[in-house]
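Okay, so here's the structure we're looking at.
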Amino acid sequence: MSSTQSRYHEVYARWKADPEGFWAEAAREIDWIKPADKVFDAAAGAYGTWFAGAVCNTCYNAVDRHAATRGDQAAIIYDSPVTNSKRSISYAELRDEVATLAAVLQDMGVQKGDRVVIYMPMIPEAAFAMLACARIGAIHSVVFGGFAAKELATRIDDAKPKAILSASCGIEGARTIPYKPLLDEAITLSTSKPDACLVYQRPQCEASLIKGRDLDWQKTVAGARQAGKQAECVPVASTDPLYVLYTSGTTGKPKGVVRDNGGYMVALKWSMGNFFGVEPGEVFWAASDVGWVVGHSYIVYAPLLQGCTAILYEGKPVGTPDAGAYWRVIADHGVVTLFTAPTAFRAIKKEDPNADLLKQYDLAAFRALFLAGERADPDTVKWAEDILKVPVIDHWWQTETGWPVVGNPLGLGALPVKHGSPTVPLPGYTVQVLDEGGKQVPPSTMGAIVIKLPLPPGALPTLWQAEERFRDAYLSVYPGYYNTSDAGYIDEDGYVWVMGRTDDIINVAGHRLSTGGMEEVLASHPAVAECAVIGVKDALKGEVPCGFVVLKSGVQKTPEEIEKDLIGLVREKIGPVAAFKIAITVPRLPKTRSGKILRGTMKKIADGDPWTTPATIDDPIILEEIGDVLKARGLAG
Ligand code: COA
Ligand code: AMP
């Protein structure tokens, strides 16, 4: 479709002319217990507040109202090649599961406003847990299963949960990963202890339970069901937090992104029809994990708010069992739209470059592929377009925003594609590019990508109990704007090009990680004097971390032994998801005369990109040394 056929420009202009009217209209799609007194209250919150005074319940909108009208339709289809099982849960069954689990939570002492940490693999109970919290106004905080005990402990200490919901194990390909020992260790490490833990026992590995603290999920839920216990939806303020999702910040301490109820529902519901172009009753699949924002927004809440069938997939794009896994799921369940990270398609392309496995499946219902989470490289996008023959839509957003900022709005009629650009800002967002002095730059000039305040409904109002950090990290850098910490440019046609982060965040297989956090771990090793971690290009994962260490003099162990220690240490402290597999000992690190490590230049050398010696460098020879060490390891370029 050409741009003249798309309704995008008209809809964007309508939003721009009257943002409050635009969102008030979108809000009619939601069932409110009490409507807002003010669609937008500019005087409240750090940058204003959406739907002030409104009362609602997110679980009601995602589950109960569909149970009444489309009760027999599948709400969630769990597809798990790693356990060789499938399960379809109708909206009526989902209501029953969630209401019963919510009653169990209440019996555990969880009340409105209490936090509940969810540390679970990709099983339907993870979604039940999130919705059960939403039902009773408890604030969930889902922690990704690939994080180690220490990372879980940090989140427990910040969220101070009343209860933790977990499972005995996760299944990663052919491996069973016990979760319970990690949970126990995290609780030992944390200063804030939960009153109770509810543990889902998977047959692949039974966990031992601690008396007085741990409850067996299945037995407790069965007991509540037998007693006929069901919790009703508890009214909450639209502005009350629905969840806190921790994401990597520029230090080892993650940021607790707060999401409210009402604004989030309005934005997600709008995005399903107008951006993704998906209608109620259709099958929508986000191949991510409930531990990430994509999982919160597009595995659980948005598809359910839209009355779709959501796929919850426990498996990988390759190896479970092969590179045809995604095609099999699409064909088996009549998926119309798939959302995943580009890395998944790079993995499939690597295994099956001619997409031979695709020929075995009927993808007649399939309409579009959406990619986000990291830069979508044009080669991967073109490959996906070639093999699938449907629109492949790159879109850019962040944990903080909760829903897409820039994208090609399929629901409004797609605009012409420019490979490498996620296309245009969506209604709600005025995206600009600023120079270091905070001035808008001319078209096609690189700078900091910012969003003019206020942020739209659904985006974070603040960080969990860290309002000052919120203002410092996002609002004070460019007054009047939200700083995305991404760099890029906007071209003459208004297309946004997102080229990389301006901070220490890297994207590894679509997973957001802080190199600063990894440096903190390396620096804790007794043999390490100094260190620097950078993200280096990787053909599969986009980027992988690479650590440079300078050892203290007089260290007994060999550099090889220490490098091995360091790889183990990052895995132990942050988790396998960090994919930290390269540690390199160097005699010294390149620095400016004021002592700042030249990470940017090191990255260019490692990536084989053109680089120049910074004028402020202390000793230019060191950059050559770094280049030589990288070459010796087969890494430079
Ligand atoms: N629980 C426990 N461990 C986990 C985990 C979880 N939920 N998720 C990942 N891990 C482990 C992996 O097993 C792996 O461990 P290993 O070092 O022992 O092999 C490590 O963390 C790194 O995981 P990952 O980066 O996912 O690498 P992978 O080699 O297992 O798979 C891809 C690579 C590309 C197939 C995979 O990352 C993928 O499917 N990504 C695309 C979709 C996606 O999830 N995007 C995220 C947000 S949209
Ligand atoms: P997360 O909070 O995990 O969703 O990660 C957000 C970050 O991922 C963004 O700030 C970007 O750096 C990167 N990112 C996400 N989507 C894209 C995209 N489509 N193109 C480029 N970078 C992206």
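In listed order, ligands and their atoms are each counted from 1.
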If you apply the rule salt bridge (Lys or Arg N to Asp or Glu O under 4.0 Å), what do you find for Glu560 with Lys564, and how did you get there? CA-CA 6 Å; Glu560 291 73 28; Lys564 216 169 144 216; over 6 Å; no
Run the side chain to side chain contact (heavy atoms under 4.5 Å, CB included) test against Pro121 and tell me which residues pass, sequence neighbours left out.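 Here the qualifying residues are Ile123, Ala167, Tyr179, Arg202, Glu314.
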Does Arg571 have any side chain to side chain contact (heavy atoms under 4.5 Å, CB included) partners at least two apart in sequence or in another chain, and if so, which?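 Listed in chain order: Arg175, Pro576.
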Does any N or O atom in [X] lie less than 3.5 angstrom from one in ligand 1, N or O only?
{"X": "Arg175", "answer": "yes"}
{"X": "Tyr179", "answer": "yes"}
{"X": "Glu172", "answer": "yes"}
{"X": "Trp292", "answer": "no"}
{"X": "Lys316", "answer": "yes"}

For atom 45 (N) of ligand 1, closest protein heavy-atom neighbour: Ala341 CB, 3.6 Å
Atom 41 (C) of ligand 1: which protein heavy atom is closest, and how many Å away?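 Of every protein heavy atom, Thr343 CG2, 3.4 Å lies nearest to atom 41 (C) of ligand 1.
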What atoms of ligand 1 come closer than 4.0 angstrom to any heavy atom of [X]?
{"X": "Gly510", "result": "46 (C), 47 (C)"}
{"X": "Ala287", "result": "42 (C)"}
{"X": "Phe144", "result": "5 (C), 7 (N), 8 (N)"}
{"X": "Lys581", "result": "17 (O)"}
{"X": "Val577", "result": "21 (O)"}
{"X": "Ser288", "result": "47 (C), 48 (S)"}

Under a heavy-atom criterion of less than 4.0 Å, does [X] contact ligand 1?
{"X": "Ala509", "value": "yes"}
{"X": "Ala579", "value": "no"}
{"X": "Lys541", "value": "yes"}
{"X": "Pro317", "value": "yes"}

Look at atom 9 (C) of ligand 1 and say whether a protein heavy atom is found at less than 4.0 angstrom from it. yes
Does the protein come close to atom 32 (C) of ligand 1 - that is, does one of its heavy atoms sit below 4.0 Å from that atom? no
For residues [X] and [Y], establish whether the separation of their ring centroids is below 6.0 Å.
{"X": "Trp217", "Y": "Tyr200", "result": "yes"}
{"X": "Trp285", "Y": "Phe339", "result": "no"}
{"X": "Tyr298", "Y": "Phe276", "result": "yes"}

Go through the side-chain N and O atoms of Tyr264 and Ser297 and say whether any donor and acceptor fall under 3.5 Å apart.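 The criterion, which ignores hydrogens and geometry beyond distance, is satisfied for Ser297 and Tyr264.
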Describe, in one word, how the ring planes of Tyr301 and Tyr243 are oriented to each other, choosing from parallel (under 30°), tilted (30 to 60°) and perpendicular (over 60°). parallel
Parallel under 30°, tilted from 30 to 60°, perpendicular over 60°: which one fits the rings of Trp292 and Phe147?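 Rings of Trp292 and Phe147: perpendicular, as their planes differ by over 60°.
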For Phe580, which of Val508, Val521, Leu522, Thr515 qualifies under side chain to side chain contact (heavy atoms under 4.5 Å, CB included)? Leu522
Under the criterion side chain to side chain contact (heavy atoms under 4.5 Å, CB included), which of Thr502, Val498, Ile451 is the partner of Thr484? Ile451
Positive for ring-ring contact (aromatic ring centres under 6.0 Å, His included) with Phe275, one of Phe370, Trp403, Trp397: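 Running ring-ring contact (aromatic ring centres under 6.0 Å, His included) over Phe370, Trp403, Trp397 with Phe275 returns exactly one hit, Phe370.
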Can you work out which protein residues put a heavy atom within less than 4.0 Å of ligand 2?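 Lining ligand 2: Gly373, Glu374, Arg375, Asp394, His395, Trp396, Trp397, Gln398, Thr399, Asp486, Val498, Arg501, Asn507, Arg512.
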Name all residues meeting the side chain to side chain donor-acceptor pair (under 3.5 Å) criterion together with Arg375; count only those two or more places apart in sequence or in a different chain, and write none if there are none.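 Testing Arg375 for side chain to side chain donor-acceptor pair (under 3.5 Å), a comparison that skips the adjacent residues, returns none.
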May I ask you to check whether over 12 heavy atoms, not counting those of Glu436, lie within 6.0 Å of atom CD?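 No - once you tally the heavy atoms of other residues, nucleotides and ligands closer than 6.0 Å, there are 12 at most.
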